[in-house]
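Along the sequence shown, the residues carry numbers beginning at 1.
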Amino acid sequence: LKPYLDTYYRLMPEMAAYARSRSYNGILLNDRHDFTGRMLSENSPSFRDNFTAASQIALFFWWHYRYTGDLACLREKGYPFLKAVGDFYLNFLRWKEAEQRYEIPPAGTYEDERCHPDGRPFRFTDSITNLAMIRAVFPALLRASETLEADESLRPRWRHVLDHLP
């Protein structure tokens with residue numbers, strides 16, 4: 001697993017650049033990419049608006065720490081990756097004041113190439129894939145932050161997200 005994690009850690013600058021190119025903070029990974037960090041399916045409906053690839057990899061970093069206890073890897077690579085994914089979601093989510101909850105903006109789901117009659121791809125608000133990733137990544141991010149005694153001031157915001165999801 002370590003070579004896999006090292007590869008994705010090395011690609012973080014490209015993932016951050018891709019997120020910025022789409023006006024997001026943090027990191028974003030198109031599921032179809034090469035290992036120089038080039039995104040290969042930016043215009044494919046099922047890849048462009050599926051926002052969960054980086055969060056899935058972030059969980060591998062957390063699971064690696066939980067299995068090995070490798071605190072150095074968590075500190076140097078895992079936590080920065082988790083935090084960058086958290087930064088993406090903090091920027092991506094929309095606060096719905098009237099409902100006192102966060103909304104996940106329209107996003108694609110896996111392998112869904114279907115389109116409306118006018119050619120627009122199907123997108124789903126509060127998609128289950130993003131909801132599942134947020135509910136998995138944010139607790140890991142909180143525990144990693146506590147374990148490393150890092151970013152205590154950010155924890156209330158992360159908890160607020162978890163407490164106000166659909």
If you measure from [atom1] on [X] to [atom2] on [Y], what distance do you get to the nearest 0.5 Å?
X      : Y      : atom1 : atom2 : result
Glu149 : Arg75  : CD    : CZ    : 9.5 Å
Leu5   : Phe61  : CG    : CZ    : 4.5 Å
Ser55  : Phe81  : OG    : CZ    : 9.0 Å
Tyr79  : Leu74  : OH    : CG    : 9.0 Å
Leu165 : Glu103 : CG    : CD    : 12.0 Å
Ser127 : Met133 : OG    : CE    : 10.5 Å

Considering all heavy atoms of both residues, which atom of [X] and which atom of [Y] are nearest to each other, and what is their separation?
X      : Y      : answer
Pro105 : Leu93  : CD-CA, 4.2 Å
Asp31  : Ala53  : OD1-CB, 3.6 Å
Phe51  : Pro106 : CE1-O, 4.2 Å
Pro156 : Ser153 : CD-O, 3.5 Å
Ile104 : Thr125 : O-CG2, 3.3 Å
Gly108 : Thr129 : O-OG1, 4.1 Å

Quick one, [X] and [Y] - any side-chain contact, counting heavy atoms below 4.5 Å?
X      : Y      : result
Trp95  : His164 : yes
Ile27  : Phe88  : no
Arg143 : Arg66  : yes
Ser21  : Met39  : no

Q. Hey, is Arg101 close enough to Asp126 for a salt bridge, meaning N to O under 4.0 Å?
A.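 A salt bridge links Arg101 with Asp126.
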Q: Give a yes or no on whether a salt bridge exists between Asp151 and Arg155, defined as a side-chain N under 4.0 angstrom from a carboxylate O.
A: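 So Asp151 does not pair with Arg155 through a salt bridge.
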Does the [X] side chain pair with the main chain of [Y], one donor and one acceptor, at a distance under 3.5 Å?
X      : Y      : answer
Asp87  : Leu90  : no
Asp70  : Tyr65  : no
Ser145 : Leu141 : no
Asn50  : Thr52  : yes

Q.
Looking at Glu152, I want to see if its CD is surrounded by more than 12 non-hydrogen atoms of other residues, nucleotides or ligands under 6.0 Å.
A.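 No - once you tally the heavy atoms of other residues, nucleotides and ligands closer than 6.0 Å, there are 12 at most.
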(Q) Does the plane of the ring in Phe92 sit parallel, tilted or perpendicular to the ring in Tyr89? Use 30° and 60° as the thresholds. (A)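 The arrangement is perpendicular - the two ring planes meet at more than 60°.
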Return a table of donor-acceptor pairs under 3.5 angstrom between the side chains of residues 8-18 and protein atoms on other chains or two or more places apart.
unit_1: Tyr8; atom_1: OH; unit_2: His33; atom_2: NE2; d: 2.8
unit_1: Tyr9; atom_1: OH; unit_2: Glu76; atom_2: O; d: 3.4
unit_1: Arg10; atom_1: NH1; unit_2: Phe35; atom_2: O; d: 3.3
unit_1: Arg10; atom_1: NH2; unit_2: Phe35; atom_2: O; d: 3.3
unit_1: Tyr18; atom_1: OH; unit_2: Arg22; atom_2: NH1; d: 3.3

Q) Same cluster or not: are Leu28 and Phe60 linked, directly or through other Ile, Leu, Val, Met, Phe, Trp or Tyr residues, by side-chain heavy atoms under 4.5 angstrom apart? A)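 Same cluster: Leu28 reaches Phe60 through Ile, Leu, Val, Met, Phe, Trp or Tyr contacts under 4.5 Å.
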